[in-house]
Amino acid sequence: MADAILDAWEGSATPIHVLTEAQAAAALEADGFAAALARTAEFKGKAGQLLLVPDAEGGLARVLFGAGESWTALRALPAKLPAGVYRIAKKPDAITADQAALAFALGSYRFDRYKAAGGESPRLLAEGCDVAEVRQVAHACALARDMINTPANDMGPRQIETIAREIAEQYAARITVIEGEGLLEANYPAIHAVGRAADPARTPRFIELSWGEAGKPLVCIVGKGVVFDTGGLDIKPSAGMRQMKKDMGGAAHALALGRMVMAAGLPVRLSVLLPVVENAISGDAMRPGDVLASRKGLSIEVGNTDAEGRLILADALTRACELEPALTIDLATLTGAARIALGPQLPPFFTDDEALAAQIDSAAEAESDPVWRMPLWKPYADALDSDVAEIKNDPDGWAQAGSVTAALFLQKFAPAGPWVHLDIFAWNPRGRPGFPAGGEAQAIRGLYRMIRERFA
């Protein structure tokens, strides 16, 4: 979708007039021909409405598009336009050139890997904006969405490792990968326990990508990488398992966010930590009631094998502790409870750091990349107490707030400094203009802005 943005074009580009309702009314009042077309098409400049105005020869002279109150409405534009090259000729002052170009790029995304090649798509000649920055952000978001949309037979642990290696090579980052039985030797026992039941070709692994100059503040980004989640021996019903190819969405988001940081050359050091497993079923699968070791030394009782994401994140967050970061971010498709609380479009985030929470809120609002703060409610912490181990992975039912107790579990392993956990969905369950059904990049544009501003 980054290819939808052009920085130069030798031919003519069809002008697009992005208008509020008031601006549309004024424009139509001054143009009788367009006004007649608008009456026929019931175009009034409402958000998402489009009017194609032909020239005298029957070609396309210009496009009128209703923007509504948010620049994200422009994400709907590419799907409505015929193929061709366009430029934004007019727009409301509240919408910047960068926002218009980014919305067009994000709205141009299609996942067509398994379909015959389609026709040409519309492209935008971006004027007056930072084309390189828009392309980098759009490319990172497309990377996350492509990884999430790709089925598990083509997006296993090895494929995620390959993508991480390609990113490391592109940005001169260092990468280490520990897999299989090596996880036990390197003291990542919880990651090994969750992933050991998978086919030998899909062995669990821990990927660590490091970038940046010594002396700069360290940002750790941790992403849950469960390439497919059967639920383990506590097997999911078929409806619950259908979209579990997306359970590596946290790892996809972590790589995408890390790529943004590296592409921008932000003044930080970066560690991207990815525990990558398949939660499969075999004779060697972990069982309900098993007690697992963890990198931190805490014993964990497995109450439910379908609460596996927090187990692999426990080892990864402990590794983050050892690196002494200035900021830790973890991203995970962790709980259905988060969806019950806030639905698919609004991912919750959890942190005890008030300044960090304010920065995340501000950046998310500026980028129209919504998130919502949820509490790390300490009175629920004892729902994680175990009779036989130091902690258990499934809370007692009385606590009910599953996304909160999952965050409290992770906090036991997180670094002591600024830390935020995001329980993302990474998926559009239904298509809507500019947001096709399937994989979605959530929160990372706002997080990228927050990192940029925090360490400027």
Side-chain angles (χ1 to χ4, degrees), residues 189-190 193-194 222 224 226 229-241 243-244 247 249-250 279 285-318 330-354 357 371-416 419-426:
V194 174
V222 182
K224 172 190 169 186
V226 179
D229 183 15
T230 65
L233 293 177
D234 287 310
I235 190 168
K236 293 178 183 286
S238 58
M241 204 186 300
Q243 300 299 351
M244 282 301 101
D247 212 19
N279 190 19
M286 64 177 177
R287 295 160 289 265
D290 282 359
V291 175
L292 308 182
S294 71
R295 185 175 183 85
K296 187 169 184 175
L298 291 177
S299 58
I300 306 171
E301 181 185 11
V302 179
N304 190 321
T305 63
D306 195 22
E308 84 298 331
R310 65 200 70 183
L311 297 175
I312 65 173
L313 288 171
D315 276 358
L317 285 168
T318 302
D330 81 68
L331 298 130
T333 52
L334 203 62
T335 69
R339 311 290 78 79
I340 293 170
L342 297 175
Q345 298 175 20
L346 187 58
F349 73 92
F350 300 80
T351 182
D352 271 345
D353 189 306
E354 296 299 325
V371 293
W372 193 266
R373 188 183 184 188
M374 293 274 278
L376 285 161
W377 187 247
K378 299 301 187 291
Y380 293 159
D382 59 357
L384 296 166
D385 290 346
S386 166
D387 293 334
V388 299
E390 288 162 301
I391 193 171
K392 61 185 178 183
N393 75 333
D394 65 326
D396 292 333
W398 64 262
Q400 300 186 56
S403 64
V404 177
T405 51
L408 289 169
F409 179 97
L410 296 181
Q411 191 177 34
K412 295 276 190 181
F413 300 88
W419 161 73
V420 60
H421 159 61
L422 292 100
D423 194 336
I424 60 174
F425 192 48

Any heavy-atom pair between the side chains of [Y] and [X] that's under 4.5 Å?
X: L334; Y: L410; value: yes
X: D330; Y: F350; value: no
X: L342; Y: F425; value: no
X: E390; Y: K412; value: no

Do you know the tightest heavy-atom contact between [X] and [Y]?
X: D234; Y: P288; value: OD2-CG, 3.4 Å
X: W419; Y: A407; value: CH2-O, 3.7 Å
X: G249; Y: I424; value: O-CD1, 4.1 Å
X: A338; Y: P348; value: CB-CG, 3.8 Å
X: F409; Y: I391; value: CD1-CD1, 3.6 Å

### Message
What verdict does the side-chain contact (heavy atoms from CB on, under 4.5 Å) test give for E301 and D394, after you've listed the backbone C-alpha separation in whole Å, the side-chain angles of each residue and the deciding distance to 0.1 Å?
### Response
CA-CA 9 Å; E301 181 185 11; D394 65 326; over 6 Å; no
Using 0.5 Å steps for rounding, measure from the [atom1] atom of [X] to the [atom2] atom of [Y].
X: F413; Y: L313; atom1: CZ; atom2: CG; result: 10.5 Å
X: N279; Y: M286; atom1: CG; atom2: CE; result: 5.0 Å
X: H421; Y: L376; atom1: NE2; atom2: CG; result: 8.5 Å
X: D396; Y: D382; atom1: CG; atom2: CG; result: 8.0 Å
X: D247; Y: M244; atom1: CG; atom2: CE; result: 5.0 Å
X: D352; Y: K378; atom1: CG; atom2: NZ; result: 3.5 Å

### Neighbour count above 12 (heavy atom, 6.0 Å) for K236 NZ
yes
Looking at [X] and [Y], would you say the former's side chain and the latter's main chain have a donor-acceptor pair under 3.5 Å?
X: N304; Y: D306; result: yes
X: S386; Y: K392; result: no
X: D423; Y: P347; result: no
X: T305; Y: G231; result: yes
X: R373; Y: T351; result: yes
X: D315; Y: S294; result: no

### Query
How far apart are the C-alpha atoms of K224 and I312, what are their side-chain angles, what is the distance that settles it, and do they pass the side-chain contact (heavy atoms from CB on, under 4.5 Å) test?
CA-CA 7 Å; K224 172 190 169 186; I312 65 173; 4.2 Å; yes
### Task
Could you walk me through whether L317 and Q411 pass side-chain contact (heavy atoms from CB on, under 4.5 Å), step by step?
CA-CA 9 Å; L317 285 168; Q411 191 177 34; over 6 Å; no
### Message
Students often mix this up, so state it plainly: with edges at 30° and 60°, are the rings of W377 and Y380 parallel, tilted or perpendicular?
### Response
perpendicular
#### Entry: Working for side-chain contact (heavy atoms from CB on, under 4.5 Å), residues T335 and R310
CA-CA 10 Å; T335 69; R310 65 200 70 183; 3.9 Å; yes
